[in-house]
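Counting from 1, the numbers follow the sequence of the chain as shown. Given the structure is predicted, the values throughout are model-derived calculations rather than measurements.
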Amino acid sequence: MNFNFSEEQIMIQQAARDYAQRELIKDVLERDATSTFPAQHVKALSELGLMGMMVSPDYDGGGMDTVSYVLAMEELSKIDAGTSVIVSVNNSLVCFGLEKYGSEKQKEKYLKPLARGQKIGAFLLSEPEAGSDATSQRTTAEDKGDYYLVNGTKNWITNANSASTYILIAQTHPEKKHKGINVLIVDKDSPGISLGPHEDKMGMRSSDTHSVMFTDVKVPKENRIREDGFGFTFAMKVLEAGRIGIAAQALGIASGAFERATSYAKERKTFGTTIGNHQAIAFKLADMAVKIENARNLCLKAAWLKDQNQPFGVASAMAKQYAADIAMEVTTEAVQIHGGYGYVKEYHVERLMREAKLTQIYEGTSEIQKIIISRKLLK
Ligand code: CAA
């Protein structure tokens, strides 16, 4: 087994780290307080090639591997997961699915601007009554000959407002259940699309999250990805990839909190010595470090499998479940180590703790990951 990164992978990690620690950090507290979309950072991250980093250069992407993606996601998320989720959704839920399953015409028209970061994409699967239970899609895409007529509501959509391109999952043949679901590329400015209010979230507050309502929206047939009824398989496949990004995000949140807690433990004094010299704190840091190392290994293993074109769905579920759960544990301990200072915004760890919580919920809750893992074990 080779644990060394290539020169290119280290360069990408360094570029993401430099940007996060030099630029993202500056206004992260303000963005969190005001729920402001980080438009200037998304533009800069596009210029760094991170918005479509795994897309082939043939479609204007960065041509990087998934291991590099994990390294970049960790670095960005150490500082600002509200921004890194925009990078993750665009890369894995939108660009990955379009590149793997889209037609040449669709890639030319939709993938290229997304891979360049000139446009942003969103993935519309969740509904008010279909979150974990993703087969219960109620949004309909009625077949009208040369177009689909879409009606329904999607919920919790990351990038709903900032995106130009929607990847929409909708039901065409309810009698066929999940086999009747389609996946359509929808232009956000199509007549009949409206947004609910910006969700006032606990964490990841700078990413824009809304519900999206479709009322008699016409979508050309040529915007359907693959054959009739492919939508549910598409959703499952892109989520397998998406979960690597969110696992790496959770890893980054945990390692960001860990770095802050370690620095604090070396500076803060109680009872005549730095708190890191008290075993109660030192052992907490040791436990946190082991969990982070395990999470990093799971993320990299899932990424490596994907890069080798091997099945990676269970590995990405393991990485996502473990990294999200330890992110919650590690950030909670980081707040504890900071004591009262951890409970105020200036020290960042309370924000990281709020951000960690979402990683246990979106792109499949920790419980959904356990369903995926255990079904494979018991098959
Ligand atoms: N790849 C390919 N096909 C798959 C698959 C996979 N990984 N997983 C399931 N399928 C297929 C099954 O083989 C089955 O097909 P057949 O009937 O032809 O055999 C079909 O899909 C249905 O599968 P199940 O019977 O296993 O379905 P289920 O109802 O028991 O649920 C589930 C499966 C894994 C729990 C799924 O519903 C799921 O992943 N739920 C979570 C959804 C989710 O992650 N939502 C996140 C929203 S996106 C988001 O958060 C984005 C954001 O903005 C950040």
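In this structure, Ile368 belongs to a hydrophobic cluster whose other members, linked by side-chain heavy atoms under 4.5 Å apart, are Ile371, Ile372. Through direct or indirect side-chain contacts shorter than 4.5 Å among Ile, Leu, Val, Met, Phe, Trp and Tyr, Leu168 is connected to Leu124, Tyr148, Val150, Ile157, Tyr166, Leu184, Val186, Ile193, Leu195, Val212, Phe214, Val217, Val219.
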Under 3.5 Å, which donor-acceptor pairs do the side chains of residues 295-304 form with other protein atoms, sequence neighbours left out?
unit_1: Arg296; atom_1: NE; unit_2: Glu74; atom_2: OE1; d: 3.2
unit_1: Arg296; atom_1: NH1; unit_2: Glu293; atom_2: OE1; d: 3.2
unit_1: Arg296; atom_1: NH2; unit_2: Glu74; atom_2: OE2; d: 2.8
unit_1: Asn297; atom_1: ND2; unit_2: Glu293; atom_2: O; d: 3.4

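For Ser207, the side chain to side chain donor-acceptor pair (under 3.5 Å) criterion is met by Lys201, not counting sequence neighbours. Here Asp216 pairs with Leu149, Asn151 under the side-chain contact (heavy atoms from CB on, under 4.5 Å) rule; sequence neighbours left out.
Listed by first and then second residue, the ring pair (Phe, Tyr, Trp, His ring centres under 6.0 Å) pairs involving residues 217-267 are Tyr101-Phe230, Tyr101-Phe234, His178-Phe232, Tyr264-His338 (not counting sequence neighbours). Among residue pairs with one or both ends in residues 159-182, none qualify as salt bridge (charged side-chain N to carboxylate O under 4.0 Å, His left out); sequence neighbours excluded. Residue pairs that meet the ring pair (Phe, Tyr, Trp, His ring centres under 6.0 Å) test with at least one member in residues 36-80, sequence neighbours left out, are Tyr19-His41. Sorted by first then second residue, the salt bridge (charged side-chain N to carboxylate O under 4.0 Å, His left out) pairs that include residues 344-357, not counting sequence neighbours, are Asp32-Arg354, Lys345-Glu350, Glu350-Arg354, Arg351-Glu355. Among pairs with a residue in residues 78-89, those fulfilling salt bridge (charged side-chain N to carboxylate O under 4.0 Å, His left out) read Arg31-Asp80, Glu75-Lys78, Lys78-Glu259, at least two apart in sequence or across chains. Evaluation of the salt bridge (charged side-chain N to carboxylate O under 4.0 Å, His left out) test over residues 307-322, restricted to residues two or more places apart or in two chains, returns none. Every pair tested for ring pair (Phe, Tyr, Trp, His ring centres under 6.0 Å) that includes a residue from residues 360-379 fails, sequence neighbours excluded, so the list is empty.
Side-chain contact between Gln9 and Val70: absent, with no pair of heavy atoms (C-beta onward) separated by less than 4.5 Å.
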